[in-house]
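Worksheet: the structure to be examined is printed underneath.
Below, all heavy atoms of this structure are taken into account, side chains as well, without hydrogens, waters or symmetry copies. Only a predicted model underlies this, so the values are computations on that prediction, with no experimental measurement involved.
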Amino acid sequence: MIRSPGPVFNTLGKDEGKDVVSIEGAKTYASDSELDLLTVYVQGGGQNRVTIPVVLEAMLNPTKDVVPEETIMAHNTSSQQQNEQNDMMMTSSQDLAIAAAMTELGYDYKTWLSVADFSNELNSKLLKKGDRLLKYNGKDISSLEDLKKQLNANGEKPATLTVGRADKQGDYKNVDVTVKTEAADNGERQLGIFLGTEHKFPIGVKFGLSNVGGPSAGMMFALSIIDRLTEGSLAGEHHVAGTGEIAADGTVGPIGGIAQKMVAAKKSGATIFLAPAENCNEVVGRVPDGLNVLKISTLSEAHTALEKIADGQDPSTFATCE
């Protein structure tokens, strides 16, 4: 498969006439900053074979990379399935971006573990997709780690699981079900379900970006939310681009195609690039001239760096991947 620089979108701007990020339920502020998210154009994979001349051209083009198909999409995955997975990852990244921004700004919000699907039939007739996991044997479920501890402590005995279940009107009511567990290969107890995460935020955030998938825009979405909710311009009048998966606690994770994203950032006029720390090995030796690349591990680091740059600190003084 071939990766090349893709389109660039200012998260504080518009796409096809719609705000890329819009907020309801809170006072928002205009910004003179540009906070670009970046994309990668991918050729090949699945049923879309690339020809030898196209591969040879890409091998000679310093802005492109030729990579094994399995590094981008799983074996026996169709192009349609890959697109669907990318769409789901984009939706998840948007939800996590809101959570990370809320965490960074000190907003309170609710989080639930929920039933996303079933791995077997163990509790499939008792639980429903979308059930929110509230209590286990009467004790609140505060996190995934907390749930694991409770399951292991209870062992093979049946237990009462209290879930929040939506009715046809979308109102949630508490329901008690008696569930069983089974031992995994590592000995830990399992409910036979795939878990998801749900959030309830004090504000409403909508994303107007179309035809873009994957999780890599998470950090830039979070920064744009922070910028809109705080007075002034987060990066001053600087043109910033960046990439990185985001977790609810603000941890920034690695992404694919960072070399192509740096090229796209430079072409779009950005002078500052926020790169996940875990991608540093792919950054060294590929940075376009004139682009200041900042090494970022958390949303808080990115937030603080942009504030300092807006106040006049030289971008070249921050930690880089070199």
Short N-O contact, [X] and [Y], less than 4.0 angstrom:
X	Y	answer
Asp65	Arg286	yes
Arg49	Glu69	yes
Glu57	Lys64	yes

**OP:** Run the numbers on Phe194 and Phe118 for ring pair (Phe, Tyr, Trp, His ring centres under 6.0 Å), then give the verdict.
**Re:** CA-CA 6 Å; Phe194 293 113; Phe118 299 93; 9.0 Å; no

Same apolar cluster: [X] and [Y], side chain cutoff 4.5 Å:
X	Y	result
Val263	Tyr41	no
Leu127	Leu195	yes
Leu294	Met262	no
Met220	Leu229	yes
Leu209	Ile98	yes

Regarding [X] and [Y], is there a side-chain donor-to-acceptor distance under 3.5 Å anywhere?
X	Y	result
Glu237	Ser233	no
Thr243	Lys261	yes
Asn120	Glu182	yes
Thr162	Asp176	yes
Asn292	Ser316	no

[Y] backbone acceptor or donor facing [X] side chain under 3.5 Å:
X	Y	answer
Thr103	Ala248	yes
Ser114	Gly130	no
Asn152	Lys149	no
Asn123	Lys180	yes
Asp167	Gly170	yes
Asn154	Lys157	yes
Thr251	Ala247	no
Asp146	Ser142	yes
Thr320	Val293	no

Original post:
Is the closest side-chain heavy-atom distance between Thr230 and Tyr29 below 4.5 Å?
Top reply: no

Original post:
Does some side-chain heavy atom of Leu38 sit less than 4.5 Å from a side-chain heavy atom of Phe9?
Top reply: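 Answer no - side chains too far apart.
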
Subject >> Greater than 12 external heavy atoms within 6.0 Å of Asp108's CG >> reply: no

Original post:
Just wondering, more than 12 heavy atoms not from Asn186 lying within 6.0 Å of its CG?
Top reply: yes

Working to the nearest 0.5 Å, report the span between [atom1] of [X] and [atom2] of [Y].
X	Y	atom1	atom2	answer
Lys110	Glu198	NZ	CD	12.5 Å
Ile23	Ile203	CD1	CD1	5.0 Å
Ile272	Leu306	CD1	CG	7.0 Å
Lys139	Leu134	NZ	CG	15.5 Å
Phe221	Ile226	CZ	CD1	14.0 Å
Leu223	Leu274	CG	CG	6.5 Å

Original post:
Which of parallel (below 30°), tilted (30 to 60°) and perpendicular (above 60°) describes His199 and Tyr109?
Top reply: perpendicular

Please report the shortest heavy-atom distance between [X] and [Y], naming the atom on each side.
X	Y	value
Ser268	His239	O-CE1, 3.0 Å
Lys14	Asp19	NZ-OD1, 2.8 Å
Leu234	Ser33	N-OG, 3.6 Å
Asp15	Gly208	OD2-O, 3.9 Å
Ala235	Val240	CB-CG2, 3.8 Å
Gly236	Ala310	N-CB, 3.3 Å

**OP:** Please determine if Arg132 forms a cation-pi arrangement with Tyr172, meaning its NZ or CZ atom is less than 6.0 Å from the six-membered ring centre and no more than 45° off the ring axis.
**Re:**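 That pair qualifies as a cation-pi contact.
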
**OP:** Mind running side-chain contact (heavy atoms from CB on, under 4.5 Å) on Gln260 and Thr63 for me, showing each step along the way?
**Re:** CA-CA 6 Å; Gln260 288 71 45; Thr63 70; over 6 Å; no

Original post:
Only one of Ile258, Ile255, Val40 forms a side-chain contact (heavy atoms from CB on, under 4.5 Å) with Ser216, so which one is it?
Top reply: Ile255

